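Below you'll find the structure, written out as structure tokens, and then a few comments.
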Amino acid sequence: MKQNYQVVVIGGGVVGCSVLYHLTKLGWKDVVLIERRELTAGSTWHAAGGFHTMNADTNIAALQGYTIKLYKELEEISGLKCGLHHSGGITLATTPDRMDYLKSERAKHRHMGLNTELLTPADIKKLCPITNTTGVIGALYDPLDGHLDPSGTTHAYAKAAKIGGAEIITQNPVLELKPTKDGHWDVVTQNGTIRAEHVVNCGGLWAREINEMVGVYMPLLPMEHQYLVTNEIPEVYNWHTEVPHSLDPAGETYLRQEGRGLVIGYYEQRCDPWAVKGTSWGFGSELLPDKLDRITDAMEKSFYRYPVLEKAGIKRVINGPFMFTADGNPCVGPVQGLRNYWAACGVMAGFSQGGGVGLALSQWMVHGEPEKDIFAMDVARFGNYTNKNYTKQKVVEFYQKRFSVSYPNEERMAGRPLHCTPAYSIWDKMDAVWTSGYGYEVVSYIPNSEATKTENYTFRRSNAFENIGDECRHVRNHVGINEIHNFGKFRVTGTGAFDYINTIMAGKVPEIGKITLTPMLSPKGKLIGDFTISRTARDEFQLTASFGSQNYHLRWFQQHLPADGSVKVENISTAVLGFQIAGPKARDLLQDVTEDDVSTKAFPFLSVRKLEIGNFVAQVQRVTYTGDLGYEIYVDASNQIPLYHILHEAGKKHNLKPFGMRAMMSLRLEKSFGSWLREFRPQYTPMETGMDRFISYNKPCDFIGKAAALAEKAKGTEKKLCTFVVDALDADVMADEPIFYNGEVVGWVTSGGYAHYVQKSVANGFVPTHLAKDGLEVEIEILGDRRKAVLYSEPLFDPRAERMRG
Ligand SMILES: Cc1cc2nc3c(=O)[nH]c(=O)nc-3n(C[C@H](O)[C@H](O)[C@H](O)COP(=O)(O)OP(=O)(O)OC[C@H]3O[C@@H](n4cnc5c(N)ncnc54)[C@H](O)[C@@H]3O)c2cc1C
């Protein structure tokens with residue numbers, strides 16, 4: 001063991017070994033993995049070894065596809081066997097909703113290049129004859145699914161890493177992590193201290209304890225999980241080929257062949273968290289006691305679905321713990337507030353995701369950013385809003401719903417409400433239907449009848465459709481009020497603030513009293529932010545963007561702060577709250593609550609003012625995501641309720657009514673406004689999305705991403721974001737549906753829905769640049785149907801923006 005390394009990877013499970021391998025693959029050789037005992041000594045050794053590509057996030061699904069395809073490469077490099085069985089996999093549907101879900105998954109796979117297929121019950125029987133197809137409507141087949149040998153695969157990663165130049169040291173626990181004055185880490189191990197530039201936490205079951213060494217909390221909790229290995233089954237070993245993986249979500253089971261028998265695992269409702277207070281350092285490779293009583297219900301269902309199980313006999317029961325996060329996706333990336341401390345924690349499906357996690361993290365470390373947008377597994381997505389209690393509730397909920405249908409309008413209620421703004425009580429009295437973002441409750445819509453007090457979960461238009469439509473129409477015809485806490489807000493001050501913002505943002509920094517819109521770019525020219533900059537004084541700015549990405553953005557801001565202390569960045573996302581008012585009467589309403597002149601001349605579009613409203617000063621911005629005449633009114637959180645009462649009283653005259661997030665997302669559609677993490681995300685570039693119109697290419701300073709943005713401008717782009725009007729029936733697009741032109745898949749949908757005011761079903765999506773012309777006729781697959789769609793290059797509402805700017 002040397003005393004200095006560029007990188008110390010802590011943990012020799014499948015994830016640590018993958019990170020180590022990928023670092024060497026990308027050219028970093030001075031890297032070491034430190035393992036407490038021997039490789040695979042955590043959850044890795046007792047995994048069932050299954051792998052699959054399905055994930056709700058298409059980028060993670062793509063990384064899962066990468067992981068599965070990587071195993072051949074590993075075998076070739078290492079000369080070791082991963083024990084691969086590409087048996088294919090079937091996911092059964094026993095309800096129409098589940099079938100809708102599988103159809104929407106199949107549609108996604110078309111533009112991802114995955115060759116999945118929908119199956120009939122007869123097809124299922126042919127592929128997996130041990131299935132009782134009574135009550136089965138259909139299934140999705142994925143030829144890439146399969147299983148492997150967990151230990152062999154981990155050793156293949158490790159050997160390939162060693163061939164690439166890495167070192168692996170076992171039987172050496174890391175005891176302490178100490179940041180050094182020069183920005184490095186002292187990694188104190190049982191066998192001595194190592195000085196490292198970077199530390200990666202791949203501690204698996206002990207990831208929480210390693211995080212504690214540096215004072216970091218992530219929402220991680222292990223759960224017990226059981227699978228059974230059966231005795232030999234003639235119907236299995238006499239079948240001419242391997243039985244495919246079979247997932248019966250209604251029965252909460254997964255099943256695959258193991259030798260001459262089967263493995264069957266359960267995601268049961270009566271599940272148990274494990275080591276809630278922390279994982280003991282003494283825990284080794286032991287299994288947990290069997291708890292068959294926990295799975296008796298699920299076993300019964302599995303005997304019905306696969307009758308051969310009934311007489312098979314159980315050879316072995318495996319009950320082992322593995323780590324989950326609050327939303328089931330891993331926590332990966334640089335941890336905000338710590339220099340060069342990286343996470344690869346909570347990787348729940350190490351054999352589906354381990355390769356992709358290793359690749360993305362290594363790209364981030366070596367190249368400064370991952371190639372794909374991996375926000376869905378970025379450790380920053382959780383911010384600091386969680387604690388152990390909340391984590392437990394969310395992890396248990398995730399485990400229980402692991403195999404249930406995820407509806408696009410579904411609300412998962414465990415651990416909620418967690419954070420509420422003062423205005424929560426106002427909406428609650430109106431029986432608001434809630435959604436949540438970054439731990440905060442957000443109004444989805446306000447019910448206008450008994451029938452919409454609860455929304456039905458569906459892939460099609462729900463019972464709340466007209467209710468949300470009424471909210472949209474009210475905004476467009478009168479004036480609406482909506483809470484704006486779902487924006488992330490940062491106050492940037494100091495003598496260096498102007499230059500700092502000029503460097504990190506690609507657009508123009510506004511003059512005092514003005515607002516500009518700007519993309520924030522990574523060095524490679526990817527969109528990492530979509531910001532509104534408001535300037536209230538020479539050295540005082542507010543940066544407004546996505547509420548859910550506030551930690552992601554704060555991490556970036558802190559990484560780029562000048563060392564001279566001339567800039568202060570404060571996250572004021574919840575310290576400053578307020579409302580937006582929008583609609584043709586918005587100005588009249590605002591004028592009624594302030595003595596200051598708010599006429600267009602005095603307060604034009606894209607400007608910011610400090611106005612006296614009631615007994616306090618509000619920061620009012622003339623900008624609104626509804627695309628109507630509108631204002632965002634921000635006050636200190638303690639003034640939010642008084643502000644509401646003032647607006648509410650004055651609003652009686654103007655027929656002011658509340659509207660929720662769903663109406664706002666519908667209104668933005670008819671203006672073709674993109675949305676963060678849908679149209680605008682680190683996957684895409686300014687020219688592809690039309691955000692280039694906000695770039696100030698000629699500003700004198702060298703902003704981050706300038707070279708890449710200029711290169712893109714010179715070269716052009718292969719794809720363009722467009723808006724389509726879809727000839728939809730009872731279902732609108734959600735995201736990731738394929739776009740067909742002349743029968744070929746040429747693009748995909750980023751988001752969409754029903755634009756209630758213009759009464760059109762709208763889809764935003766990418767198509768090749770040469771096709772992106774007004775009137776282009778395409779087809780978009782919605783729940784298995786190809787629906788006609790036409791490209792519109794002008795916004796459907798107020799194309800000349802007279803309402804918004806007037
Ligand atoms: C019953 C069961 C079935 C499963 N089935 C599947 C499946 O079919 N498919 C699938 O993809 N996944 C499955 N999993 C999940 C899979 O096991 C995990 O996703 C995977 O093991 C996570 O790997 P890891 O490297 O993150 O963690 P771990 O395997 O826990 O590895 C962490 C390593 O870090 C070491 N370590 C910790 N602290 C220190 C320290 N301070 N110093 C040095 N070393 C340290 C540990 O000794 C350990 O070796 C299953 C899990 C269980 C329990």
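Heavy-atom basis, side chains included; hydrogens, waters and symmetry copies ignored. Since this is a predicted model, take the numbers as computed values, not measurements.
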Count the heavy atoms belonging to other residues, nucleotides or ligands that lie under 6.0 Å from [atom1] of [X], then report whether that count exceeds 12.
{"X": "Lys388", "atom1": "NZ", "value": "no"}
{"X": "Arg678", "atom1": "CZ", "value": "no"}
{"X": "Glu612", "atom1": "CD", "value": "no"}

Verdict with reasoning, Gln619 to Gln542, per side-chain contact (heavy atoms from CB on, under 4.5 Å): CA-CA 10 Å; Gln619 177 166 316; Gln542 179 173 308; 3.3 Å; yes
So, do [X] and [Y] have ring centers that fall under 6.0 Å from each other?
{"X": "Tyr631", "Y": "Phe603", "value": "yes"}
{"X": "Trp427", "Y": "Tyr644", "value": "yes"}
{"X": "Phe659", "Y": "Tyr445", "value": "no"}
{"X": "Phe547", "Y": "Phe487", "value": "no"}

How many angstroms lie between atom [atom1] of [X] and atom [atom2] of [Y], to the nearest 0.5 angstrom?
{"X": "Glu441", "Y": "Tyr424", "atom1": "CD", "atom2": "OH", "value": "5.5 Å"}
{"X": "Cys331", "Y": "Asp378", "atom1": "SG", "atom2": "CG", "value": "9.0 Å"}
{"X": "Ile633", "Y": "Leu611", "atom1": "CD1", "atom2": "CG", "value": "8.0 Å"}
{"X": "Lys401", "Y": "Glu252", "atom1": "NZ", "atom2": "CD", "value": "11.0 Å"}
{"X": "Leu589", "Y": "His648", "atom1": "CG", "atom2": "NE2", "value": "11.5 Å"}
{"X": "Thr532", "Y": "Ile515", "atom1": "OG1", "atom2": "CD1", "value": "7.0 Å"}

Please enumerate all residues that pass ring-ring contact (aromatic ring centres under 6.0 Å, His included) together with [X], with sequence neighbours excluded.
{"X": "His419", "answer": "Tyr440"}
{"X": "His111", "answer": "Trp748"}
{"X": "Phe680", "answer": "none"}
{"X": "Tyr552", "answer": "Phe375"}

Derivation of the ring-ring contact (aromatic ring centres under 6.0 Å, His included) call for Tyr217 and Tyr390: CA-CA 12 Å; Tyr217 180 75; Tyr390 174 81; 9.7 Å; no
Do you know the tightest heavy-atom contact between [X] and [Y]?
{"X": "His654", "Y": "His478", "answer": "O-CB, 4.2 Å"}
{"X": "Phe557", "Y": "Leu543", "answer": "CZ-CD1, 3.8 Å"}
{"X": "Val475", "Y": "Pro584", "answer": "O-CD, 3.3 Å"}
{"X": "Pro408", "Y": "Met734", "answer": "CG-SD, 3.2 Å"}
{"X": "Val617", "Y": "Lys610", "answer": "CG1-CB, 3.8 Å"}
{"X": "Val608", "Y": "Lys514", "answer": "CG1-O, 3.8 Å"}

State whether the side chain of [X] and the backbone N or O of [Y] hold a donor-acceptor pair below 3.5 Å, judged by distance alone.
{"X": "Glu737", "Y": "Glu781", "result": "no"}
{"X": "His553", "Y": "Ile528", "result": "yes"}
{"X": "Lys760", "Y": "Tyr754", "result": "no"}
{"X": "Arg402", "Y": "Tyr267", "result": "no"}

For the residue pair Arg491 and Phe541, would you count it as a cation-pi contact if the rule is NZ or CZ under 6.0 angstrom from the ring centre and within 45 degrees of the ring axis? no
Tell me the side-chain hydrogen bond (donor to acceptor under 3.5 Å, both in side chains) pairs involving residues 789-801, sequence neighbours left out? Asp774-Ser793
Quick one: do [X] and [Y] make a salt bridge, cutoff under 4.0 Å?
{"X": "Asp588", "Y": "Lys653", "answer": "no"}
{"X": "Lys103", "Y": "Asp785", "answer": "no"}
{"X": "Asp732", "Y": "Arg461", "answer": "yes"}
{"X": "Arg662", "Y": "Glu455", "answer": "yes"}
{"X": "Arg416", "Y": "Glu411", "answer": "yes"}
{"X": "Arg805", "Y": "Glu802", "answer": "no"}

Looking at residues at least two apart in the chain, or sitting in another chain, which of them share a salt bridge (Lys or Arg N to Asp or Glu O under 4.0 Å) with Arg473? Glu466, Asp470
Under the side chain to side chain donor-acceptor pair (under 3.5 Å) rule, what do Glu679 and Thr750 come out as? Steps first, then yes or no, please. CA-CA 6 Å; Glu679 284 71 37; Thr750 49; 2.7 Å; yes
Please determine whether side chain to side chain donor-acceptor pair (under 3.5 Å) holds for the pair Thr624 and Glu632, giving the CA-CA distance in whole Å, both sets of side-chain angles, and the decisive distance to 0.1 Å. CA-CA 7 Å; Thr624 162; Glu632 292 170 356; over 6 Å; no
Between Leu527 and Arg681, is a side-chain contact (heavy atoms from CB on, under 4.5 Å) present by the stated rule, with each step listed? CA-CA 6 Å; Leu527 288 173; Arg681 54 189 299 183; over 6 Å; no
Pair Thr600-Arg587, side-chain contact (heavy atoms from CB on, under 4.5 Å): steps then yes or no: CA-CA 9 Å; Thr600 303; Arg587 184 185 294 114; 2.8 Å; yes
According to the interplanar angle, ranging from 0 to 90°, do the rings of Phe766 and Tyr684 count as parallel (below 30°), tilted (30 to 60°) or perpendicular (above 60°)? tilted
Side chain to side chain donor-acceptor pair (under 3.5 Å) between Thr723 and Ser672, worked out: CA-CA 6 Å; Thr723 300; Ser672 291; 2.8 Å; yes
Can you find a side-chain donor-acceptor pair between Asn456 and Thr458 that sits under 3.5 Å? no
Are side-chain N/O atoms of Arg609 and Thr594 paired as donor and acceptor at under 3.5 Å? no
Can you check side-chain contact (heavy atoms from CB on, under 4.5 Å) on Asp597 and Gln591, steps first, answer last? CA-CA 7 Å; Asp597 180 4; Gln591 192 61 82; 4.0 Å; yes
For side chain to side chain donor-acceptor pair (under 3.5 Å), just list the numbers for Asp628 and Thr626, CA-CA rounded to whole Å, side-chain angles, deciding distance to a tenth of an Å, and then say yes or no. CA-CA 5 Å; Asp628 216 304; Thr626 61; 5.3 Å; no
